[in-house]
Amino acid sequence: MSTTEFAEAQWTRATGAGVDPHEYRRVTEGLTSVADWGPAFVRTGRSYLQRADNAESSVSRGEYLLMAARWFHLATLAPYAEAGRAAAAADDALSRAITVLEPGARRVSGEGFTGWLRGPADAPGTVVVVPGLDSAKEEFLDLVSALLARGLAVFAMDGPGQGVLAATTVLRPDYEQIVGRVIDALGVARIGLVGLSLGGYFAARTAALESRVAAVATVSGPFRLDWDELPPPVRDIMSRRTGGADAARAFAGHVDLAALAPRITAPLLVVDGEQDVIPGVTNGGPLARLAAHGTYLSVPHGDHLLGNARADWLPHLTDHICHVLTGASA
């Protein structure tokens, strides 16, 4: 894949994560190889750290740091020898930003997870945001903001093989074990769960097996994976995140919600983009049909993660989670 093709493939994902589209174009148009992607995005992240250091207010400092976190995370989307350092830089920038902007926020870590709990201590509900195959907590800051705006508390996390933990851990299919530890650590009786991309599988699986999940939503989550049909770039990413091709094949074999979907009793919203067509991936329509209280929202022009169609699903998803957790419309 050429640099231009790779940049175009990541376009709505990057802009959906909140980076300026014009800056994205400027950064990517100067690349001569996909190998240049990581270094260029890290340099852009560092430029935002410099702006943060020179900021004239704490709000500006925090906003620059949030943008740095986005760019550092996006640096990890292409093969990059320093991806671990970029993920650590994203985590550090996010931590500094939240410390500046939300002094009441709390870092919560445990076996197999880490993240930030944000929002009011007396929030009527708590939502856990689960990333996917190569995403991380820094990618979904706007989703978190939309949930916070509805008065909810939000824990945006990295789990095994994700974000800052990718350098030391590998993906595991039994993600419900991790979410169970998260709920214990947060000290809440029940949660809402939002999973994005492969995180949609993790969220649905957890909703089927963890009784404390009271509301759930998935975005571009797979119902089933077929390893032999997956495109080579997807297989390569999965191999890196699971510890090798054999482990990746075994992991993909676990991603099948046919038996678990009927066990989901919490109200479930499944969001798909009809332009999200990846060989070897069955989208979420069967999940919505098999769940006891499933609703399917398919956006005709939406692509993977629907960064090109945010207005068509983001308010609906956040209102769904808020309504179920609080019993009132947002």
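When reading the values below, keep in mind they use all heavy atoms of this one structure, side chains included, and skip hydrogens, waters and symmetry mates.
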Query - Shortest non-hydrogen contact from T218 toward G200 - result: CG2-O, 3.5 Å
Report task. Starting at CG of L305, measure out to CZ of F140 and round the result to the nearest 0.5 Å. Result -> 5.5 Å
Query raised in the report: Hey, quick one: are V130 and L171 part of the same hydrophobic cluster, counting side-chain heavy atoms closer than 4.5 Å, chains of contacts allowed?
Result: yes
Report task. List the steps and the verdict of side-chain contact (heavy atoms from CB on, under 4.5 Å) for I178 and M157. Result -> CA-CA 10 Å; I178 305 301; M157 65 176 287; 3.9 Å; yes
Report task. For the pair T169 (side chain) and L165 (backbone), establish whether a donor and an acceptor sit closer than 3.5 Å, ignoring hydrogens and angles. Result -> yes
Report task. Give a yes or no on whether L148 and L66 share a hydrophobic cluster (residues Ile, Leu, Val, Met, Phe, Trp, Tyr; joining criterion: side-chain heavy atoms under 4.5 Å apart). Result -> no
Query raised in the report: Can R43 and D36 be counted as an ion pair, charged N to O under 4.0 angstrom?
Result: no
Report task. Please indicate whether R172 has more than 12 foreign heavy atoms, meaning atoms of other residues, nucleotides or ligands, lying under 6.0 Å from its CZ. Result -> yes
Requested in this report: Could you tell me which non-hydrogen atom of P124 sits nearest to which non-hydrogen atom of G151, and how far apart they are?
Outcome: CD-O, 3.3 Å
Requested in this report: Could you pull out the closest heavy-atom pair between V216 and H320, with the gap in Å?
Outcome: O-NE2, 3.3 Å
Report summary line: Taken to the nearest 0.5 Å, the spacing of R235 CZ from E229 CD works out to 10.0 Å
Requested in this report: Find out whether T76 and D134 are in side-chain contact, i.e. whether some heavy atom of one side chain is under 4.5 Å from a heavy atom of the other.
Outcome: no
Query raised in the report: Which atom names give the shortest non-hydrogen contact between D91 and E138, and what distance separates them?
Result: CA-OE2, 3.4 Å
Query - Main-chain N/O of P173 paired to R205 side chain as donor or acceptor, under 3.5 Å - result: yes
Query raised in the report: For the residue pair L74 and A14, what are the closest heavy atoms and their distance?
Result: CD1-CB, 3.9 Å
Query raised in the report: Are L65 and L49 side-chain neighbours, meaning at least one heavy-atom pair lies under 4.5 Å?
Result: yes
Query - Backbone N/O of Q177 and side chain of D174: donor-acceptor pair under 3.5 Å - result: no
**Report entry** Beyond-backbone contact of N308 with T15, side-chain heavy atoms, under 4.5 angstrom
**Finding:** no
Query raised in the report: Rounded to the nearest 0.5 Å, what separation is found between the NE2 atom of H323 and the NE2 atom of H316?
Result: 11.0 Å
Query raised in the report: When you measure from the side chain of T242 to the backbone N and O of A248, does any donor-acceptor pair fall under 3.5 Å?
Result: yes
Query raised in the report: Does a side-chain heavy-atom distance below 4.5 Å link D226 with T282?
Result: no
Report task. Kindly check if the number of other-residue, nucleotide or ligand heavy atoms within 6.0 Å of NE2 (H293) is above 12? Result -> no
Query raised in the report: Would you say the side-chain atoms of Y201 pair up with the backbone N or O of H254, donor to acceptor, closer than 3.5 Å?
Result: yes
Report summary line: CD1 of I321 to OG1 of T126, rounded to nearest 0.5 Å, is 12.0 Å
Query raised in the report: At their closest point, which heavy atom of G112 faces which heavy atom of P160, and how far apart are they?
Result: O-CD, 3.0 Å
Query - R51 NZ/CZ over Y48 ring centroid, <6.0 Å and within 45° of normal - result: yes
**Report entry** side-chain hydrogen bond (donor to acceptor under 3.5 Å, both in side chains) partners of residues 157-166, not counting sequence neighbours, each pair once
**Finding:** K137-D158, Q162-Y175
Requested in this report: Measure from the side-chain N and O atoms of Y24 to the backbone N and O of A7, and report whether any donor-acceptor pair falls under 3.5 Å.
Outcome: yes
Query - Cluster link V127 to L314, ILVMFWY, side chain under 4.5 Å - result: yes
Query raised in the report: Taking a hydrophobic cluster as the set of Ile, Leu, Val, Met, Phe, Trp and Tyr residues connected by side-chain heavy atoms closer than 4.5 Å, whether directly or through intermediates, do V154 and I183 fall within one such cluster?
Result: no
**Report entry** same_hphob_cluster(L77, V42) at 4.5 Å side-chain heavy-atom cutoff
**Finding:** no
Report task. Quick one: do L297 and D272 satisfy side-chain contact (heavy atoms from CB on, under 4.5 Å)? Show the steps, please. Result -> CA-CA 6 Å; L297 173 60; D272 271 338; over 6 Å; no
Query raised in the report: What distance separates H304 NE2 from Q275 CD, expressed to the nearest 0.5 Å?
Result: 14.0 Å
Query - side-chain contact (heavy atoms from CB on, under 4.5 Å) between I191 and R212, worked out - result: CA-CA 6 Å; I191 61 161; R212 292 174 290 180; 5.6 Å; no
Query raised in the report: Distance-only, no hydrogens or angles: does the S220 side chain make a donor-acceptor pair with backbone N or O of S197 under 3.5 Å?
Result: no
Query raised in the report: Are the side chains of F251 and L198 in touch, meaning some heavy atoms are under 4.5 Å apart?
Result: yes
**Report entry** Note, R25 side chain near W11 side chain (heavy atom, < 4.5 Å)
**Finding:** yes
**Report entry** Pairing of D276 and R13 as salt bridge, 4.0 angstrom limit
**Finding:** no
Query raised in the report: Do L143 and T318 touch side chain to side chain, with heavy atoms closer than 4.5 Å?
Result: yes
Query raised in the report: Taking the side chain from N283 and the backbone from G285, do they hold a donor-acceptor pair closer than 3.5 Å?
Result: no
Query - Full working for side-chain contact (heavy atoms from CB on, under 4.5 Å) between L152 and T326 - result: CA-CA 9 Å; L152 300 169; T326 67; 4.1 Å; yes
Query raised in the report: If you round to the nearest 0.5 Å, how far is CE of M67 from CZ of F72?
Result: 13.0 Å
Report task. Flag the pair D142 / R70 as yes when at least one side-chain heavy-atom distance between them is below 4.5 Å, and no otherwise. Result -> yes
Query raised in the report: Taking atom CG of D246 as the centre, does the number of heavy atoms from other residues, nucleotides or ligands within less than 6.0 Å exceed 12?
Result: no
Query raised in the report: Is R46 close enough and on-axis enough to W71, meaning under 6.0 Å and within 45°, for cation-pi?
Result: no
Query raised in the report: Is a side-chain N or O of R190 found less than 3.5 angstrom from the main chain of L325, in a donor-acceptor match?
Result: yes
